[in-house]
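Input: a single structure, listed below in C-alpha cells.
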Amino acid sequence: METTGAVNILAIETATQICSVAVAAGELLLAEETLNIGRIHAEKLAALVDQLLAELGKRPDEIDVLAVSGGPGSFTGLRIGLAFAKGFALAGGQRLILVPTLMALALRPGIVRRPVCPVLRSRRGELYAAVYEWRGSELMTAVAERVLPEEELGLFLPRGALLTGDVDSLPPEIRSQVESREDVELAAPWLRTPSAAAVAQVGFWLCRRGEFADLDTAEPRYLQEFVARKLEGVEKHVQ
Amino acid sequence: MIVLGIETSCDETSAALYSEQGLLAHAVHYQAVHEEYGGVVPEFASRAHMRTLIPTIRYVIRRAGLSFRDLGAVAVTYGPGLVGSLIVGLNVAKGLAVALRLPLVGINHIEGHIFANFLEEPFPELPGVCLVVSGGHTQLVLVRRLGDYQVLGRTRDDAAGEAFDKVARILGLGYPGGPAIEAAAAAGQENAVSFPRGLMENSYDFSFSGLKTAVLYYHRALSPQEREKRLADVAASFQKAVVDVLVAKALRACQEFGVRSLSVVGGVARNRRLRRALEELAAETGIPVFVPKPEFCTDNAAMIARAGFFHLLHGVRSDLRLAPAPSLNLDSRYLPTD
C-alpha cells in the first residue's frame, strides 16, 4: 500500500481496562502497543505514545490526526485518553476525531455478512450496545449505541448477529440464553477486545468524511446522564 | 524558561504562564454548576474540566502573546484532590509534554498554595509557618525553606472552608458558604453566641465538627422568627470562632518554632475577618504576616506554575508515568536537590 502522503494517525484506546495505542499511515498500521493488565492507563498511556513514536522514528509533529476511542466506556479511561489527545493536539495543531468505541470494537472480527453487535459492560452492570453492518469494506451504523439492561440483550440482538465485546463477563443465564440461539454467532475470543488499530481504521474513515471533533469542547460519549441532588430553597451566592 | 502551569484538582479550571519575568498570564474558570447542589459534585467537576481546560490554556498563551513553541516546561497539579478532576489536567499536561518534548513536573497542590506568596515580592522570609485553609484542606505547615516542609497539624474532620459550607447550609445561606457567611456576619455581633473553639491545647491539629454541631443545635432550638432575627449574630459568632482557632494555632506554631514569617493561603484566606485578625496579630506580635491577593488564595495555576518553575530550576522532573495522587501528603513529595 502506498503510504507516502497518507494521513498519519495516532490512535488511542482507553475505554476499557485495555490500554492501546497505534500509529497508522492511512489504512496501513505501522505500530500498535496494547496492554491488558488492569487500569494502568493513568500511568502508562503517555509513556506508551512516547515510546511508540520513538520506535517509529516519528516526531510528534509528523502526526496529522488524533483518533481517540470516544466512548461509551469507563468514564475514567475515556477521560485519560481524550485529555491526553487534547493536550497533544493543542500543542501540535492536529485535528481530533472521536471514534465510537463500539464501532471500533465491531470492526475487529473482520468483514462478515452478519449484523455485528458489540457490547461493553458499564460499571452499573448495564450494557452499552449497538449494531453495525458492513457495506463493502466500510462499517455502517444499523442501530445507534445505547444503554441496555443485561436481560434485554436477547431481545436487542438482531437475527443472525455476530456478538462481540464483553461476552465472557455476562451473567451465566444471559450468556447461555444468547448461546442457545442458533442464529447468533460469537466472535473469536481473541478478537473481542478493543484495540487502537481498529480505532485508527474507523478514524481513517471519519477523517476521509471530514468528521472532526471540536478540540476545545469535545467530551467523551458518556451515554449515561449523571444526576445529583440539588439544594432546595436557597439563594445562590457568588463572590 | 517559560512554564505553563495547569491546575484542575477540584472545581477550578486554571492555567498560567510563569517565567524569570514573573507571572506572564493566568486565568481561572470558576465552575458555577456546583452552586445549586450545595457543594462540589465530582462528576460535574470532571466533565467541566474536560470542556474548559483547553480554551483556558489557549487564552493564557494568547494573552501572553506567545505560541506553544515558546514553552519550556509544563507543571501540573497531581494531588491531593478529586481523582476525576486531577486526571484531566494531568493528561492534558502529558499530551502537551509529549507533543512538544517538554519536561513535565508534577506539583503537590498544597505546596502550590505555599508558593502563592512567592508570586510577587516581598516574599516571606523563611523559616516560616504557613496555614493552608480552604474548602478541602486545613493544614499548618512549617516551611524550613522552599521544598522542605513539615506538616505540624491538619484537620481531623472538616476543613475550615468545609465548615463554612456546612454551616451556611444549616443557616440556609447557600453555597459557597465562605462569602455567604461573611456577608451575613457583617451586620452581626461576634460575641452574641458563645460557640466552642476546638483548640486541643497539645496538638496542632484542627477540628471543626464540634463547632458545626453546636451551630446546628443552637439553630434548631430557635423559632423561625428568632432564626431570622439572630442570623447575623450566629454567622458572626461562628466566623469569629473559626478565626480564633486558626489564629491561635498559627501564633502558637510561630512562637514555638521561632519563625520569621506567617503565611496564610487557600480560599479561606480571602475571608476579610480572618485577614483583619491577621493584621492585628502582626501588629501585636511583630511577626510579618503574608496573605496572597484574593485571586491567588483560591485554587489557581499561577501558584502551580511558580512552584514548577522553582523545582525545574533545581533539576526536578517528573516521569511521564506520573499518576494522580488523590491523597498526596506534603511530606511525601520529593525534595529538590541542592
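Atom CD of Glu43(A) and atom CG of Leu90(B) lie 10.5 Å apart (nearest 0.5 Å). Taking CZ of Arg321(B) as the reference point, atom CG of Leu48(A) lies at 10.0 Å (rounded to 0.5 Å). Remark: Ile54(B) CD1 to Leu90(A) CG distance equals 4.5 Å, nearest 0.5 Å.
In Arg123(A), the CZ atom is not crowded: 12 or fewer heavy atoms of neighbouring residues, nucleotides or ligands sit closer than 6.0 Å. Other residues, nucleotides and ligands contribute more than 12 heavy atoms inside 6.0 Å of the CD atom of Glu138(A). The environment of NZ in Lys166(B) is crowded: more than 12 heavy-atom neighbours from other residues, nucleotides or ligands sit within 6.0 Å. Around the CD atom of Glu151(A), the shell of radius 6.0 Å holds more than 12 heavy atoms that belong to other residues, nucleotides or ligands.
Heavy atoms closer than 4.5 Å to chain B are found nowhere in Ala85(A), neither backbone nor side chain. Heavy atoms closer than 4.5 Å to chain A are found in the side chain of Ile57(B), but not in its backbone.
Residues of residues 79-88 of chain B lying within less than 4.5 angstrom of chain A, judged on heavy atoms, are Gly84(B), Ile87(B), Val88(B) in numerical order. Within residues 92-101 of chain B, the residues having any heavy atom under 4.5 Å from a heavy atom of chain A are, by residue number, Val92(B), Lys94(B), Gly95(B), Leu96(B), Val98(B), Ala99(B), Leu100(B), Arg101(B).
Classification of Arg47(B) and Glu219(A) as a salt-bridged pair fails, no side-chain N sitting under 4.0 Å from a carboxylate O.
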Donor-acceptor contacts under 3.5 Å from residues 190-197 of chain A side chains, at least two apart:
unit_1    : atom_1 : unit_2    : atom_2 : d
Arg192(A) : NE     : Ala187(A) : O      : 2.9
Arg192(A) : NH1    : Asp168(A) : OD1    : 3.1
Arg192(A) : NH1    : Asp168(A) : OD2    : 3.4
Arg192(A) : NH2    : Ala187(A) : O      : 3.1
Thr193(A) : OG1    : Arg108(A) : NH1    : 3.2
Ser195(A) : OG     : Glu32(A)  : OE2    : 3.1
Ser195(A) : OG     : Ala197(A) : N      : 3.2
Ser195(A) : OG     : Ala198(A) : N      : 3.2

Please table the atom pairs, donor to acceptor, closer than 3.5 Å between any side-chain atom in residues 94-104 of chain A and protein atoms at least two apart or in another chain.
unit_1    : atom_1 : unit_2   : atom_2 : d
Gln94(A)  : NE2    : Pro60(A) : O      : 3.3
Gln94(A)  : NE2    : Ile63(A) : O      : 3.0
Thr101(A) : OG1    : Ser69(A) : OG     : 2.7
Thr101(A) : OG1    : Gly71(A) : N      : 2.7
Thr101(A) : OG1    : Gly71(A) : O      : 3.3

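Looking only at heavy-atom pairs under 4.5 Å with chain B, the residue among Asp214(A), Leu10(A), Asp216(A) that has the most is Asp216(A).
Side-chain contact between Met50(B) and Leu82(A) is present, with at least one heavy-atom pair separated by less than 4.5 Å.
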